[in-house]
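In this text, all values refer to a predicted model and were calculated from it rather than measured experimentally. No hydrogens, no waters, no symmetry mates; every other heavy atom, side chains included, goes into these values.
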Amino acid sequence: MRIIAGKYKYKRLFEFNVPTTRPTSDKVKESLFDILGDLDDTTCLDLFAGTGALGLEALSRGAKFCYFVEQNLDIYKILVKNFQNVGVEKNSVNVLRCDYLKALKGYKSKNLKFDVIFIDPPYKLDLAEKAIDFILDNNLLNENGLICWEHDKGKLEKIEHYNIIKHKKYGSIYLTVLNDYAK
């Protein structure tokens, strides 16, 4: 796994071997960032960060700041190792090792808002729907902000009050980019 474009292009990322997780493929990552376009001066959130591949890719492509959330201690250690390996500037990241909902509640209490939120939890746990509902219900997206959700089939009907910008299938994986109808 590697960064595919931008200032950290070709930097390798350390991976982990946890049966319930899978890394985002380069093909899906490239398609996602083609959809997102220019990320200059954006603030991102990589929720369920894992190796940090999506947030690090965003920073590599010009995002000014990225928040990372990872609950698993062993995976968190790999995430921090990836920051060092890539050479990311410390003043451009904030990383939390905690439950996603605790992190989102903390961001809400600080009135933080994001331009791009990456959501890629283990599919079987149905955490994405709860996270998206919390994000939209608590106005954590900036105007024109986007949620980028990697998931398996049959998930869209569980999300209310959203606007699908793009929905695409890559093998058995779906990529959905959405925002809030109210905006």
Side-chain angles (χ1 to χ4, degrees), residues 1-6 8-33 35-36 39 42-61 63 65-90 92-107 112 114-132 134-135 140 146-153 155 168 170-178:
M1 194 167 27
R2 63 187 172 92
I3 305 293
I4 56 176
Y8 304 128
K9 186 176 182 177
Y10 302 126
K11 293 280 188 170
R12 290 241 165 252
L13 300 177
F14 294 100
E15 298 181 50
F16 52 85
N17 187 13
V18 177
T20 58
T21 62
R22 79 264 138 310
T24 300
S25 72
D26 282 356
K27 180 180 180 179
V28 172
K29 201 179 341 176
E30 189 168 352
S31 178
L32 169 61
F33 284 92
I35 293 165
L36 292 175
L39 292 176
T42 57
T43 299
C44 302
L45 169 59
D46 193 348
L47 202 57
F48 312 100
T51 62
L54 296 175
L56 288 168
E57 188 74 38
L59 288 168
S60 183
R61 292 171 183 246
F65 199 89
C66 189
Y67 293 81
F68 295 82
V69 178
E70 178 53 54
Q71 183 174 359
N72 181 293
L73 177 59
D74 293 329
I75 298 171
Y76 171 86
K77 289 177 183 176
I78 291 170
L79 173 61
V80 171
K81 193 174 176 181
N82 280 333
F83 293 158
Q84 296 162 348
N85 187 54
V86 168
V88 69
E89 298 168 23
K90 290 181 182 180
S92 65
V93 298
N94 176 279
V95 61
L96 294 177
R97 189 181 76 78
C98 68
D99 173 76
Y100 79 96
L101 193 53
K102 181 178 179 183
L104 291 175
K105 287 177 180 178
Y107 298 144
L112 288 175
F114 304 97
D115 299 300
V116 179
I117 300 176
F118 302 104
I119 298 181
D120 183 18
Y123 297 157
K124 303 293 184 219
L125 299 180
D126 286 331
L127 300 174
E129 295 89 343
K130 294 172 190 167
I132 292 169
F134 188 92
I135 289 162
L140 292 176
L146 298 172
I147 296 172
C148 305
W149 176 26
E150 186 179 322
H151 57 96
D152 58 359
K153 64 181 178 179
K155 299 289 184 175
K168 196 161 181 182
Y170 302 88
S172 63
I173 293 171
Y174 290 81
L175 177 62
T176 303
V177 178
L178 54 99

Pick out which of I147, L146, L45, D46 makes a side-chain contact (heavy atoms from CB on, under 4.5 Å) with F118.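 Single pass found, and it is D46.
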
Taking the side chain as every heavy atom from C-beta outward, state whether L101 and K130 have any atom pair closer than 4.5 Å.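 Answer no - side chains too far apart.
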
Contacts of type ring-ring contact (aromatic ring centres under 6.0 Å, His included), residue Y100, not counting sequence neighbours: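 ring-ring contact (aromatic ring centres under 6.0 Å, His included) list for Y100, sorted by chain: F48.
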
Going by the rule ring-ring contact (aromatic ring centres under 6.0 Å, His included), which residues pair with Y67 if we only count those two or more places apart in sequence or in a different chain?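 By the ring-ring contact (aromatic ring centres under 6.0 Å, His included) rule, Y67 matches F65, Y107, F114.
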
Under the rule for side-chain contact (heavy atoms from CB on, under 4.5 Å), what residues qualify as partners of [X], not counting sequence neighbours?
{"X": "K102", "result": "C98, D99"}
{"X": "E89", "result": "K7, N91, S92"}
{"X": "K27", "result": "S25, Y170"}
{"X": "V80", "result": "Y76, Q84"}

Just to verify, what does R12 make a salt bridge (Lys or Arg N to Asp or Glu O under 4.0 Å) with, not counting sequence neighbours?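 In terms of salt bridge (Lys or Arg N to Asp or Glu O under 4.0 Å), with neighbours along the sequence ignored, R12 is linked to no residue.
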
Nearest 0.5 Å please: distance from the [atom1] atom of [X] over to the [atom2] atom of [Y].
{"X": "I132", "Y": "L140", "atom1": "CD1", "atom2": "CG", "result": "12.5 Å"}
{"X": "L36", "Y": "L54", "atom1": "CG", "atom2": "CG", "result": "9.5 Å"}
{"X": "E57", "Y": "L59", "atom1": "CD", "atom2": "CG", "result": "10.0 Å"}
{"X": "S60", "Y": "Y10", "atom1": "OG", "atom2": "OH", "result": "11.0 Å"}
{"X": "F68", "Y": "C44", "atom1": "CZ", "atom2": "SG", "result": "8.5 Å"}

Sub-3.5 Å donor-acceptor pair from the side chain of D152 to the main-chain atoms of I173, do we have one?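 Side chain of D152 to backbone of I173: no pair is present.
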
Which residues pass the side-chain hydrogen bond (donor to acceptor under 3.5 Å, both in side chains) test with R97, not counting sequence neighbours?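 With sequence neighbours excluded, R97 shows a side-chain hydrogen bond (donor to acceptor under 3.5 Å, both in side chains) to no residue whatsoever.
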
